*Asks:* 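Structure provided below as structure tokens; questions to follow.
For clarity, every value in this text was computed on a predicted model and none was experimentally measured. Throughout, a chain's letter reflects where its sequence line sits, starting with A, and its residues are numbered from 1.
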Amino acid sequence: MAKVLVCVAWPYANSPIHLGHVAGSLLPPDLFSRYRRLRGDEVLMVSGSDQHGTPITVRAEKEKVTPLEVAERYHEINKKAIEDLDIEFSLFTKTHTENHFRVVSDVFLDLLQKGCLYEKSTLQYYCPSCQKFLPDRYVEGICPACGNEKARGDQCERCGKTFEGGELKEAKCVHCITVPELRETKHHFIKLSAFQERLIDWVKDKQHWRPSVQLFTQNWLEAGLEDRPITRDMEWGVPVPLPGQDGKVIYVWFDAVIGYLSASMEWAQRSGDPDAWKAYWTDPQVRSYYFLGKDNIPFHTIIWPAILMGRGGLNLPYDVPANEFLTFKGDKVSKSRGTTIDIPSLLKRYEPDIIRYYVAANMPENKDADFSWEDFEAKINNELVATLGNYYHRVLSFTYKHFGEVPEFKGASEDREEMMSAIREARDAAEDALDGCHFKRALKTIMDLAQFGNRHFDSVGPWALIKKDREQCGSALYLHLMLVKALAVLSSPYLPRSSERAWKFLGQVGTLQQAGWSAVEAELPAHQKLNEPKPLFSKIEVEKNEGDSVFGGFETLNLKAGRILKARDHPNADSLLLLEVDIGKTIQVVAGLKAYYTKEEMEGREVVVVSNLKPAKLRGEQSQGMLLAADAGEIVKLVSPPSGSRPGDAVSSGLKQSDRVIEFKDFQKLILRVAEVSGDHLDVGRAVKAKGPTELKGRKVVVYLPSEDAEEALVLSSERGPVTVDDAMPGGATVR
RNA sequence: AGCGGGGUAGGGUAGCCAGGACAUCCCGUCGGGCUCAUAACCCGGAGACCGGUCGUUCAAAUCGACUCCCCGCUACCA
């Protein structure tokens with residue numbers, strides 16, 4: 001029996017947790033902890049809501065409520081969602097607690113006293129009109145080294161030079177374009193550089209880490225560590241515990257990792273023994289595991305270890321099994337369909353075991369994994385329901401019907417040994433996988449065992465045997481009940497609820513959890529009464545929204561006909577033009593078309609505009625949309641709306657148009673192509689069917705393709721007809 | 001463009017670090033079996049030159065070099 005510390009990355013309290021959190025950092029530690037507990041280990045598993053930091057204050061400002069209100073709201077939502085998913089924390093707390101403040105302050109003061117922190121006076125930009133210090137990314141100016149005019153407050157992106165406050169020339173506040181003052185402000189820095197050698201040594205022999213984690217960390221360390229400021233000028237957060245530090249809080253990343261420690265202490269406090277946490281943190285024999293997503297790696301393999309080294313006397317991470325990301329191929333589409341993947345809504349429709357199974361089976365352990373509803377449905381129905389669920393049910397219901405109790409085993413010992421060795425082999429393999437945090441592999445081992453059960457059951461044929469030799473049949477069923485029990489135990493970290501139900505069907509006393517891992521092999525008492533079994537899992541049907549055409553992706557766009565009123569050079573860029581475009585209202589657009597069109601050619605031109613792009617600054621100038629243009633490498637031509645169009649006319653191809661603002665990168669994923677109209681089909685480099693007006697034979701139009709190999713293309717059009725492009729453009733040319 | 005990750009049958013995956021005999025499993029597909037079970041389960045077939053090129057080796061999906069493509073973050077990508 002050993003103690004294990006399991007730390008889970010703290011979900012940020014500004015939105016409900018979603019499947020990505022579950023796959024990345026929440027389910028793996030739960031699987032691990034449940035497994036270790038079943039084996040008799042004592043597990044302390046802690047996490048909580050990360051409630052500080054700018055995104056929360058931003059959200060609060062938007063909603064006109066306090067940051068605390070936002071942070072508490074999502075803490076409650078997420079805490080409940082986590083509980084409902086049967087993720088068993090020893091404690092799931094939050095960072096905005098008295099305890100956490102105290103622990104963070106203690107660590108801060110301790111490091112300060114040990115010389116790991118130092119105060120350094122820096123010049124920071126202060127915006128008099130916003131009345132606050134500006135985070136670096138909200139300041140822009142001219143780089144003193146290379147003359148780049150859009151350098152940020154902390155670094156010039158062009159030449160890579162980093163600098164401190166004051167070095168930047170002609171700085172501006174991004175929000176209000178006020179010229180910020182430079183004010184002197186003092187901040188505490190952590191001497192990361194001082195830990196570099198020790199960290200490199202420490203990481204070197206971490207061969208049990210996942211390769212990506214180890215490699216990533218090593219590269220990062222070898223590139224050299226710079227001291228980082230750990231405080232900032234802000235109100236929301238843990239105040240710097242020193243006199244004269246009003247208006248300064250501890251940076252959210254420093255504050256959050258200390259949460260592992262503070263949560264452990266809070267747990268100890270609540271358990272009645274305030275020192276109970278020490279057993280998990282100071283005994284070098286106790287291993288600590290940190291579960292997180294890959295975006296969080298450096299904080300847990302560099303910064304947190306540095307803090308721990310600085311403080312001394314506490315265990316460093318033993319393993320950091322970081323997962324990759326769960327991605328959403330149809331993310332945008334799913335949202336537009338109104339389907340969601342946040343956990344609270346998912347739990348309204350599916351049992352926690354269903355969600356747990358899917359996430360475990362599709363866990364992004366080595367590379368990003370893709371979520372799709374089709375895959376969700378398929379994995380649940382074909383694997384969980386058909387293989388495992390059906391095996392349970394055919395064994396349990398058959399035995400219940402013909403015996404009503406656990407039959408006696410009177411068969412050959414070879415038969416028994418065959419079954420038991422299959423069970424033991426699977427158990428050993430599952431243990432190996434689980435010990436190494438290979439959760440997908442362990443699950444597969446279990447499913448393979450269920451398949452073995454199905455095969456074996458078929459080969460014995462109890463339904464025929466019962467008519468010939470009841471005793472022999474009973475013996476065979478006994479072995480299958482053993483297998484059912486083994487499966488229930490082995491799968492219980494993944495499927496805690498259904499495993500307990502199976503346990504009850506077997507007529508077992510107590511709970512599976514109490515019985516523990518060793519119950520995999522334990523005998524079943526003959527004549528033990530069985531309970532009437534019900535199927536453990538039922539098939540699911542993912543609702544497919546009708547009315548959702550194959551061209552759903554196009555509906556995320558809002559295209560409008562427009563006219564260019566004015567064109568002038570971008571003040572800070574060689575290839576960009578600044579355009580005023582009338583699309584019913586006048587907007588400013590930055591276009592990278594200077595190499596292809598003169599200003600004179602542009603002015604007065606009819607264009608098609610993507611009007612719902614998230615506005616962005618391009619080299620300092622606001623761009624509120626973009627012009628559609630066809631690009632065939634050498635030649636680039638603007639796309640034209642149908643003749644007679646008026647600025648503001650919708651180019652919707654008869655479909656709905658989105659009011660939502662879309663990100664540029666999401667727009668880039670849409671496939672728009674030039675197509676030549678020939679007969680009733682289109683040529684986009686290959687022939688496709690057309691949806692929309694095709695009367696302009698021989699002309700070049702613009703189409704939307706749902707996918708690269710789609711068979712049907714949507715012709716972009718308004719009520720006045722299709723959108724066209726210069727005939728010189730070849731079919732298949734990209735439009736962007 | 002920079003950094004990171006990845007490319008294995010129609011789709012999705014395992015194996016790769018510690019190179020070896022028919023390349024794993026799931027779905028789909030084709031054919032067969034069974035009828036206890038939620039049209040489930042079982043058996044068999046077809047389907048992959050393991051992104052490409054070159055190299056190391058008796059032997060490479062696995063090691064090295066180069067190249068193409070994809071994804072994430074970053075960027076004067078609009």
*Asks:* May I ask you to decide whether D448(A) forms a salt bridge with R441(A), counting only side-chain N to carboxylate O separations under 4.0 Å?
*Replies:* no
*Asks:* W463(A) stacking on C36(B): centroids under 5.5 Å, ring planes under 30°?
*Replies:* yes
*Asks:* What about the rings of Y391(A) and H480(A), do their centers lie closer together than 6.0 Å?
*Replies:* yes
*Asks:* Give Y392(A) one of three labels, base, sugar-phosphate or nothing, depending on what nucleic acid heavy atoms sit under 4.0 Å from its own.
*Replies:* nothing
*Asks:* For U62(B) and U53(B), measure between their P atoms and round to the nearest Å.
*Replies:* 12 Å
*Asks:* Within this structure, what is the NZ-to-C1' distance between K467(A) and U35(B), rounded to whole angstrom?
*Replies:* 9 Å
*Asks:* Taking the side chain of E383(A) as heavy atoms from C-beta outward, which of C41(B), G15(B), C26(B) is closest to it?
*Replies:* C26(B)
*Asks:* Within the 4.0 Å heavy-atom criterion, would you say P535(A) contacts the bases, only the backbone, or no part of the nucleic acid?
*Replies:* base
*Asks:* What is the base-pairing partner of A14(B), counting Watson-Crick and G-U wobble geometry with both distances under 3.5 Å?
*Replies:* none
*Asks:* What is the separation between atom CG on L384(A) and atom P on C41(B), rounded to the nearest whole Å?
*Replies:* 12 Å
*Asks:* Any side-chain heavy atom of I297(A) sitting closer than 4.5 Å to one from L292(A)?
*Replies:* yes
*Asks:* Out of Y357(A), Y358(A), F376(A), which residue meets the ring-ring contact (aromatic ring centres under 6.0 Å, His included) rule with Y350(A)?
*Replies:* F376(A)
*Asks:* If you measure from the C1' atom in C49(B) to the same atom in U29(B), how many Å do you get, rounded?
*Replies:* 22 Å
*Asks:* For C77(B), which nucleotide in any strand shown is its Watson-Crick or wobble partner with both distances under 3.5 Å?
*Replies:* none
*Asks:* Check whether any side-chain N or O of Y392(A) sits under 3.5 Å from a backbone N or O of S498(A) as a donor-acceptor pair, and report yes or no.
*Replies:* no
*Asks:* Please measure how far the C1' atom in C27(B) lies from the corresponding atom in C69(B), and state the result in whole Å.
*Replies:* 26 Å
*Asks:* Taking G55(B) as the reference, what is the distance to G12(B) when you measure between their P atoms (whole Å, please)?
*Replies:* 32 Å
*Asks:* Please state the P separation for the pair G51(B) and G6(B) - nearest whole angstrom.
*Replies:* 13 Å
*Asks:* Consider the side chain of N454(A), meaning its heavy atoms from C-beta on, and name the nucleotide among G12(B), C42(B), C36(B) that approaches it most closely.
*Replies:* C42(B)
*Asks:* With respect to the side chain of D458(A), which nucleotide from U38(B), C41(B), G12(B) is positioned closest?
*Replies:* C41(B)
*Asks:* Ignoring hydrogens and geometry, is there a side-chain-to-backbone donor-acceptor pair from R356(A) to L495(A) under 3.5 Å?
*Replies:* no
*Asks:* Partner lookup for A65(B), please. Criteria are Watson-Crick or G-U wobble with both distances under 3.5 angstrom; report none if nothing qualifies.
*Replies:* U53(B)
*Asks:* Provide, to the nearest angstrom, the distance between the CG atom belonging to L443(A) and the P atom belonging to A14(B).
*Replies:* 13 Å
*Asks:* At under 4.0 Å between heavy atoms, what does A386(A) touch on the DNA or RNA strands: base, sugar-phosphate, or nothing?
*Replies:* sugar-phosphate
*Asks:* Which is true for N382(A) with a 4.0 Å heavy-atom rule: it touches a base, it touches only sugar-phosphate, or it touches nothing?
*Replies:* sugar-phosphate
*Asks:* Nearest nucleotide by nearest heavy atom, which residue falls closer to the 5' end of RNA chain B, F457(A) or N381(A)?
*Replies:* F457(A)
*Asks:* How many Å lie between CG on L483(A) and P on C41(B), as a whole number?
*Replies:* 16 Å
*Asks:* Please state the P separation for the pair G72(B) and G32(B) - nearest whole angstrom.
*Replies:* 45 Å
*Asks:* For G19(B), what is the paired nucleotide under Watson-Crick or G-U wobble rules, both distances under 3.5 Å?
*Replies:* none
*Asks:* L477(A) near the nucleic acid: base, sugar-phosphate alone, or nothing, with a heavy-atom cut-off under 4.0 Å?
*Replies:* nothing
*Asks:* Expressed in whole Å, how much space separates the P atoms belonging to A9(B) and G5(B)?
*Replies:* 23 Å
*Asks:* If the C1' atom of C63(B) is compared with that of C16(B), how far apart are they to the nearest Å?
*Replies:* 10 Å
*Asks:* Answer yes or no: are there more than 12 heavy-atom neighbours, outside E351(A) itself, under 6.0 Å from its atom CD?
*Replies:* no
*Asks:* How long is the line joining CG of L536(A) and P of U38(B), in whole Å?
*Replies:* 13 Å
*Asks:* Nearest whole angstrom, please: distance from the P of U13(B) to the CZ of F376(A).
*Replies:* 17 Å
*Asks:* In the structure shown, which nucleotide is the Watson-Crick or G-U wobble counterpart of C36(B), with both distances under 3.5 Å?
*Replies:* none
*Asks:* May I have the distance from N362(A) (atom CG) to C26(B) (atom P), rounded to whole angstrom?
*Replies:* 16 Å
*Asks:* Categorize Y391(A) for me: base, sugar-phosphate, or nothing, with a 4.0 angstrom heavy-atom threshold over every strand shown.
*Replies:* nothing
*Asks:* OP1 or OP2 of C25(B) sitting under 4.0 Å from any side-chain N/O of Q451(A)?
*Replies:* no
*Asks:* Calculate the interatomic distance between I302(A) atom CD1 and G4(B) atom C1'; express it in whole Å.
*Replies:* 14 Å
*Asks:* Without swapping roles, check the side chain of S499(A) against the backbone of A488(A) for a donor-acceptor pair under 3.5 Å.
*Replies:* yes
*Asks:* On RNA chain B, check which nucleotide each of S397(A) and D448(A) is closest to and give me the residue with the more 5' one.
*Replies:* D448(A)
*Asks:* Does any nucleotide pair with G72(B) by Watson-Crick or G-U wobble geometry, both distances under 3.5 Å, and what is it?
*Replies:* C3(B)
*Asks:* When you measure from the side chain of R455(A), which nucleotide among C34(B), C43(B), G12(B) comes out closest?
*Replies:* C43(B)
*Asks:* OP1 or OP2 of A14(B) versus the side-chain N and O atoms of K440(A): is any pair under 4.0 Å?
*Replies:* yes
